[in-house]
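Reviewing the structure listed below.
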Amino acid sequence: MGADPVEAGAWQRSGDLVFRQYYLGCLSQASYLIGDRATGRAVVVDPQRDVALYLADAEAEGLRIERVLETHVHADFLSGHLELATATRSPISYGDAAQVEFPMEPLADGQILSLGSVSLEVLHTPGHTPESICLVVRDEPGAAPWGVLTGDTLFIGDVGRPDLLGGAGWSAEELGRALYRSTRRRLLTLPDGTRVFPAHGAGSACGKNLSTETSSTIGEQRRTNYALAPMDENAFVAAVTEGQSVAPMYFAHASQRNRESRPVLDETSQIPALSLLQVDELVRDGAVLLDTRDPQDFAAAHLPRSVNVGLGGRFAEMAGQVVPADADLVLVGDPGTAVEARNRLARIGFDRVRGELDGGVSTAPPERLRSAGRVTATELADLPDGTQVVDVRGPGEVAGSGLVPGAVPIPLPALVSRLGELDPAIPTVVYCAGGYRSSIAASVLRARGFATVDDLLGGFGAWADGSRPVATPATT
């Protein structure tokens, strides 16, 4: 268990251009530091919320961050624009269609931001959101584009989904048509050799077919990206809206918080240590107990009503799928992990961490602790009829491999909103692909009053490995 560190790519240099990509695996998020060595001027694009890494790298390279650029108002993470602007006394800029509640300097389509020899050209590319922009990077005046930062307009292998703003009055069809025009009339007019640097990679819910690669070229994407294949506008809209995953529960919260003037994160501050009595009082007042240990440790002993989201996986994203954004949180975890957990929750805008249980579950009387039931695939096959089996994998996973006969498919991001489809009085078994998400889901069901809940050790992989029967969604 432990941190999912940011992968800082090698510095890329061309003339006076210095360029670095940062990839945050736990949120599949990419951000960028771009500077001019001759002038020392630099910008950061789409920063994560804990910003110390950009400040340290800029100082090491002799760069001065003078602007924070956002390609759009993000929904899948809380950006660090306010943190970085505060630390560097720099302005924040979005495309001029953006609507935010804090001071920002809008950027017009075609506007050039000069850092010296290095420049960035703004392209208004609506589609994923109405205000989306891309940034064309040139390493010297008048040169062909060196690269383009595409935000969530163009990914490696996909494009940004256009269906996330229905609640804001924008239909998927409207934005899909805008995305078609943005990709064809703006991005695909760039030279094939132009490097492509997106804001997300595989695992992000902002698309459905994202590659594990974190950069490409316009030419490679023209040849291999299904969404850039020759097709008319209607076919494109159908292709990019079909088969999208359920949007995580926290997306609307993060999107709104990204528009607000909010407190900045102090990523080094300590977490208050709470006694068990204080924890009990907070839980009685509605706080959520968030146990960040590995599933096996949680299964061995945990406090009742705890929700288990292991810190070793896609922690913040998974917590945001099952924990209300407006809830107070009390952390229960391994020693020395609370600050990391707090910072990772802050990356999606969950700022209401009230403290951590001092000493963890070892400080609780044994009679206060519970164990979590876990079954093997063989035991699941032998369970009596009437057992409620729930598959919390994504629709694409279920469609691709089938599911346990009789299982109810409810993707984890939809579990809380669809609890009414399940009977809390019936013995329940939950499974996912390998066991991480099912431990989360099972803990949520127990915390919501389900009487008997087990999760499947090894997940669907363990079931399928035993040559057991597999059903398709259409026949269950």
Side-chain angles (χ1 to χ4, degrees), residues 248-249 276 279-313 315 318-324 327-334 341 356-357 360-362 364-376 379-380 383-384 386-393 404 407-460:
M249 191 166 64
L276 186 58
V279 169
D280 289 341
E281 291 174 350
L282 286 166
V283 171
R284 280 195 297 269
D285 289 339
V288 173
L289 271 176
L290 186 58
D291 192 316
T292 65
R293 296 173 299 150
D294 286 339
Q296 58 267 30
D297 295 330
F298 176 84
H302 62 267
L303 289 169
R305 297 176 61 185
S306 298
V307 174
N308 175 225
V309 184
L311 196 56
F315 169 67
M318 294 300 171
Q321 292 182 5
V322 298
V323 174
D328 286 337
L329 301 175
V330 175
L331 303 177
V332 181
D334 293 325
E356 63 168 328
L357 175 60
V361 296
S362 63
E367 62 270 17
R368 286 286 308 274
L369 300 178
R370 302 288 183 270
S371 60
R374 314 193 81 185
V375 299
T376 66
E379 290 170 332
L380 175 59
L383 288 176
T387 300
Q388 188 169 234
V389 181
V390 183
D391 186 323
V392 296
R393 295 175 299 158
V404 173
V408 179
I410 302 181
L412 183 63
L415 181 64
V416 172
S417 64
R418 293 176 58 183
L419 286 178
E421 300 175 26
L422 303 174
D423 187 342
I426 295 177
T428 302
V429 175
V430 184
Y431 71 88
C432 61
Y436 177 70
R437 286 171 292 175
S438 62
S439 180
I440 298 170
S443 70
V444 168
L445 296 182
R446 292 187 202 98
R448 296 296 184 109
F450 279 62
T452 304
V453 186
D454 298 324
D455 71 296
L456 177 61
L457 285 164
F460 184 77

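Source: prediction; values computed, not measured. All values below were derived from every heavy atom in this structure, side-chain atoms included, with hydrogens, water molecules and symmetry-related copies excluded. For reference, positions follow the sequence shown, starting with 1.
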Hey, does Leu422 have a side-chain heavy atom less than 4.5 Å from the side chain of Thr428? no

Tyr431 (side chain) donor-acceptor with Ala407 (main chain) under 3.5 angstrom: no

Locate the shortest heavy-atom distance separating Gly386 from Ile426; write the atom from each residue and the value. O-CG2, 3.0 Å

Atom of Cys432, atom of Arg437 and distance for their closest heavy-atom approach: SG-N, 3.5 Å

Can you find a heavy atom in the side chain of Leu419 that is under 4.5 Å from one in the side chain of Pro424? no

Can you confirm whether Arg374 sits close enough to Pro295 that some side-chain heavy atom of one is under 4.5 Å from a side-chain heavy atom of the other? yes

Out of Ser443, Ser438, Ser439, which one pairs with Asp455 under the side-chain hydrogen bond (donor to acceptor under 3.5 Å, both in side chains) rule? Ser438

For the pair Thr292 (side chain) and Leu290 (backbone), establish whether a donor and an acceptor sit closer than 3.5 Å, ignoring hydrogens and angles. no

Distance-only donor-acceptor hits, side chain of residues 279-288, under 3.5 Å, sequence neighbours excluded:
| from | atom 1 | to | atom 2 | distance (Å) |
| --- | --- | --- | --- | --- |
| Asp280 | OD1 | Arg368 | NH2 | 3.0 |
| Asp280 | OD2 | Arg368 | NH1 | 3.2 |

So does Arg305 have more than 12 non-hydrogen atoms from other groups sitting under 6.0 Å from CZ? no

Heavy-atom closest pair (Ile410 atom, Glu421 atom, distance to 0.1 Å) is CD1-OE1, 4.2 Å

Just by distance, do the side chain of Asp391 and the backbone of Arg393 share a donor-acceptor pair under 3.5 Å? yes

Residue set satisfying side-chain contact (heavy atoms from CB on, under 4.5 Å) with Gln321, at least two apart, ordered chain then number -> Pro248, Glu317, Met318, Leu412, Pro413

Asn308 (side chain) donor-acceptor with Asp294 (main chain) under 3.5 angstrom: no

With a 3.5 Å distance limit and no angle check, can you tell me whether Gln388 reaches the backbone of Asp423 through a side-chain donor-acceptor pair? yes

Taking the side chain as every heavy atom from C-beta outward, state whether Leu303 and Asp291 have any atom pair closer than 4.5 Å. no

Do Leu456 and Val375 have side chains that approach each other closer than 4.5 Å (heavy atoms only, starting at C-beta)? yes

Between Ala319 and Val309, the two heavy atoms sitting closest are N-CG1, 3.9 Å

Can you name the closest pair of heavy atoms from Arg446 and Gly373 and give their distance? NH2-O, 3.7 Å

Heavy-atom check, side chain of Val416 versus side chain of Arg448, under 4.5 Å: yes

Validation row: Val361, Arg293 side chains within 4.5 angstrom (heavy atoms): yes

